[in-house]
Novice: 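Have a look at this one before I ask anything.
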Amino acid sequence: MPDFFIYINHLFLLLMFQLDQEIPTGKRVYFASDFHLGAPDSQSSRVREKKIIAWLDQIKEDAHAIFLVGDIFDFWFEYKRSIPKGFSRFQGKIAELTDQGIPVLFFTGNHDIWMFDYFEDELGVSIHRQPELFTFNEKRILVGHGDGLGPGDRTYKLLKKIFTSKVCQWLFARVHPNTGIGLANGWSQKSRISSTVKEEKSQDQEEWLLTYCKGIEAKSHHDYYVFGHRHLPLELEVNDISTYINLGEWVNYFTYGVFDGKALKLKTFNA
């Protein structure tokens with residue numbers, strides 16, 4: 001019965017968050033993506049996990065809400081009665097934050113696309129699968145992971161449709177967890193983030209997510225577009241009154257976004 005009341009309380013807090021978008025004085029909204037927990041191996045992932053927890057401990061004092069914008073895990077698949085091994089410290093910290101009344105919103109990325117209801121039921125996190133608009137202090141912010149958006153990349157867009165299909169998910173769930181998660185962990189060893197080094201920031205014309213933002217902006221104004229996936233911390237003008245922000249990643253950059261009620265800026269975490 002106590003678990004039931006905790007669950008109802010989480011739902012109530014998330015509902016109130018959706019209804020009340022005015023940020024109290026001194027509070028902030030935080031955004032981070034691409035932790036890629038699990039890559040490239042458990043040892044280095046554990047070090048990164050502890051750094052993420054230190055960041056969460058630092059921001060929890062003034063956090064109005066925390067957005068986790070995809071690829072938090074390098075692989076995630078929820079079987080009916082099992083989840084991937086590890087990340088217990090991170091999950092415990094998220095549960096602590098939601099129990100304290102801080103809304104945590106999780107946008108699935110291409111690496112954790114197979115997230116279902118575990119985080120909602122056990123940790124009080126709301127799961128989001130598409131870009132969504134939020135308004136804070138009259139600032140319109142579009143948030144999403146960023147995969148499959150913009151021009152090109154038709155192969156991935158087709159694969160995403162397959163991976164998100166109920167048939168594909170049902171078939172993979174038939175594979176024993178030892179085999180399914182084992183295969184996925186082997187694939188994670190070859191993940192793009194595992195061999196990524198700091199890149200030079202790209203030119204505007206190379207940013208396909210910026211192209212996507214400009215297309216949306218031509219139809220409806222947004223003050224900020226916040227995405228991950230790209231693995232580069234970026235702040236680029238969409239136009240004179242709109243900005244595209246990419247959150248970077250936590251293997252090399254340790255960057256995150258923070259909205260203080262007036263403006264949204266990129267920052268770097270130093271433990």
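Heavy-atom basis, side chains included; hydrogens, waters and symmetry copies ignored.
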Novice: Indicate the atoms forming the closest heavy-atom contact of K262 with K139, along with that distance.
Specialist: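 Closest approach of K262 to K139: O-CE, 3.5 Å.
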Novice: Okay, side chain of E249, backbone of N252: is any donor-acceptor separation there less than 3.5 Å?
Specialist: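 Looks like yes, one N/O pair under 3.5 Å.
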Novice: Under 3.5 Å, is there a donor-acceptor pair linking the side chains of D34 and H36?
Specialist: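 A donor-acceptor contact under 3.5 Å links the two side chains.
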Novice: Could you tell me if the side chain of L105 sits less than 4.5 Å from the side chain of V125, heavy atoms only?
Specialist: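 Counting from C-beta outward, V125 and L105 never come under 4.5 Å.
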Novice: Taking L236's backbone N and O only, do any of them form a donor-acceptor pair with T243's side chain (distance below 3.5 Å, no angle check)?
Specialist: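 It does not hold such a pair.
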Novice: For the residue pair F73 and F119, does the interplanar ring angle fall in the parallel (under 30°), tilted (30 to 60°) or perpendicular (over 60°) class?
Specialist: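 Geometry flag for F119 against F73: perpendicular rings.
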Novice: Apply the test side-chain contact (heavy atoms from CB on, under 4.5 Å) to residues H229 and N110: give CA-CA distance (whole Å), side-chain angles for both, the deciding distance (0.1 Å), then the verdict.
Specialist: CA-CA 8 Å; H229 186 62; N110 49 300; 3.1 Å; yes
Novice: Should V258 and V104 be counted in the same cluster of Ile, Leu, Val, Met, Phe, Trp and Tyr side chains packed under 4.5 Å apart?
Specialist: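 In one cluster with V258: V104, yes.
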Novice: Any side chain to side chain donor-acceptor pair (under 3.5 Å) pairs touching residues 218-228, not counting sequence neighbours?
Specialist: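 Output for this query lists R140-S220, E217-H221, E217-Y225, H221-D223, H222-Y225.
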Novice: Would you please classify the geometry between the Y118 ring and the W76 ring as parallel, tilted or perpendicular, with 30° and 60° separating the classes?
Specialist: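 Answer is tilted, since the angle falls between 30° and 60°.
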Novice: So which atom in S33 and which in G228 form the shortest heavy-atom distance, rounded to 0.1 Å?
Specialist: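 Taking every non-hydrogen atom into account, OG-CA, 3.4 Å.
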Novice: Suppose we screen for ring pair (Phe, Tyr, Trp, His ring centres under 6.0 Å). Which residues come up paired with F31, at least two apart in sequence or across chains?
Specialist: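 For F31, the residues satisfying ring pair (Phe, Tyr, Trp, His ring centres under 6.0 Å) (neighbours in sequence not counted) are F67.
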Novice: Tell me, please, which residues at least two apart from K60 pass side chain to side chain contact (heavy atoms under 4.5 Å, CB included).
Specialist: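 Partners of K60 by the side chain to side chain contact (heavy atoms under 4.5 Å, CB included) criterion, ordered by chain and then number, come out as D57, K93, E96, L97, Q100, I102.
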Novice: For a quick test of reading the model, state the closest non-hydrogen atom pair linking P233 to T255 and the distance between them.
Specialist: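 Looks like CB-OG1, 3.8 Å.
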Novice: Could you tell me which residues satisfy side chain to side chain donor-acceptor pair (under 3.5 Å) with Q58, sequence neighbours excluded, listed by chain and number?
Specialist: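 In terms of side chain to side chain donor-acceptor pair (under 3.5 Å), with neighbours along the sequence ignored, Q58 is linked to no residue.
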Novice: Between the side chain of S45 and the main-chain N/O of G38, is any donor-acceptor distance below 3.5 Å?
Specialist: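 Pair found, side chain donor or acceptor close to backbone of G38.
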Novice: Enumerate the salt bridge (Lys or Arg N to Asp or Glu O under 4.0 Å) contacts for residues 61-71, please, sequence neighbours excluded, ordered by first and then second residue.
Specialist: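 Sorted result for residues 61-71: R28-D62.
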Novice: Checking side-chain contact (heavy atoms from CB on, under 4.5 Å) for the pair R48/W250: CA distance, chi angles, key distance, verdict?
Specialist: CA-CA 8 Å; R48 188 159 68 256; W250 279 62; 4.2 Å; yes
Novice: Check L142 against L133 and note the closest heavy-atom contact, atom names and distance.
Specialist: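 Nearest heavy atoms, L142 then L133: CD1-N, 3.8 Å.
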Novice: Tell me whether I59 is reachable from I52 by hopping between hydrophobic residues (I, L, V, M, F, W, Y) whose side-chain heavy atoms are closer than 4.5 Å.
Specialist: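 Cluster IDs for I52 and I59 match.
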Novice: Indicate the atoms forming the closest heavy-atom contact of L149 with L209, along with that distance.
Specialist: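 Shortest heavy-atom contact: CB-CD2, 4.0 Å.
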Novice: In sequence, state the C-alpha distance, the side-chain angles, and the governing distance for R129 and I127, and then conclude on side-chain contact (heavy atoms from CB on, under 4.5 Å).
Specialist: CA-CA 7 Å; R129 306 184 189 282; I127 304 298; 3.8 Å; yes
Novice: Does some side-chain heavy atom of V47 sit less than 4.5 Å from a side-chain heavy atom of S44?
Specialist: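 With C-beta onward as the side chain, the pair stays apart.
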Novice: Measuring from L37:CG to D74:CG, what's the distance to the nearest 0.5 Å?
Specialist: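 The CG atom of D74 is 9.0 Å from CG of L37, to the nearest 0.5 Å.
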Novice: For Q91 and I83: C-alpha separation, side-chain torsions, deciding distance, then whether side-chain contact (heavy atoms from CB on, under 4.5 Å) applies.
Specialist: CA-CA 12 Å; Q91 293 177 53; I83 59 172; 3.9 Å; yes
Novice: Measuring only between side-chain heavy atoms, which start at C-beta, is F107 closer than 4.5 Å to Q130?
Specialist: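 Counting from C-beta outward, F107 and Q130 never come under 4.5 Å.
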Novice: Sequence neighbours left out, what passes side chain to side chain contact (heavy atoms under 4.5 Å, CB included) with D117? Give chain and number order.
Specialist: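 Scan of D117 (side chain to side chain contact (heavy atoms under 4.5 Å, CB included), adjacent residues dropped) gives E78, E120, D121.
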Novice: With sequence neighbours left out, write down each residue that passes ring pair (Phe, Tyr, Trp, His ring centres under 6.0 Å) with Y256, or none if nothing qualifies.
Specialist: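 Ring pair (Phe, Tyr, Trp, His ring centres under 6.0 Å) check on Y256 returns W55.
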Novice: Does some side-chain heavy atom of V238 sit less than 4.5 Å from a side-chain heavy atom of L210?
Specialist: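 SC-SC contact between L210 and V238 confirmed.
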Novice: For S242 and N239, indicate whether the former's side chain and the latter's backbone hold a donor-acceptor pair under 3.5 Å.
Specialist: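 Between the backbone of N239 and the side chain of S242 there is no qualifying donor-acceptor contact (under 3.5 Å).
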Novice: Between I23 and N137, what is the shortest heavy-atom contact and its length?
Specialist: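 Minimum heavy-atom separation between I23 and N137: N-OD1, 2.8 Å.
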Novice: Kindly say whether I72 contributes a backbone atom to a donor-acceptor pair with the side chain of D112 at under 3.5 angstrom?
Specialist: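 Yes: the side chain of D112 pairs with the backbone of I72.
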Novice: Can you list the residues that meet the ring pair (Phe, Tyr, Trp, His ring centres under 6.0 Å) rule with F259, with sequence neighbours excluded?
Specialist: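 Listed in chain order: nothing, the list is empty.
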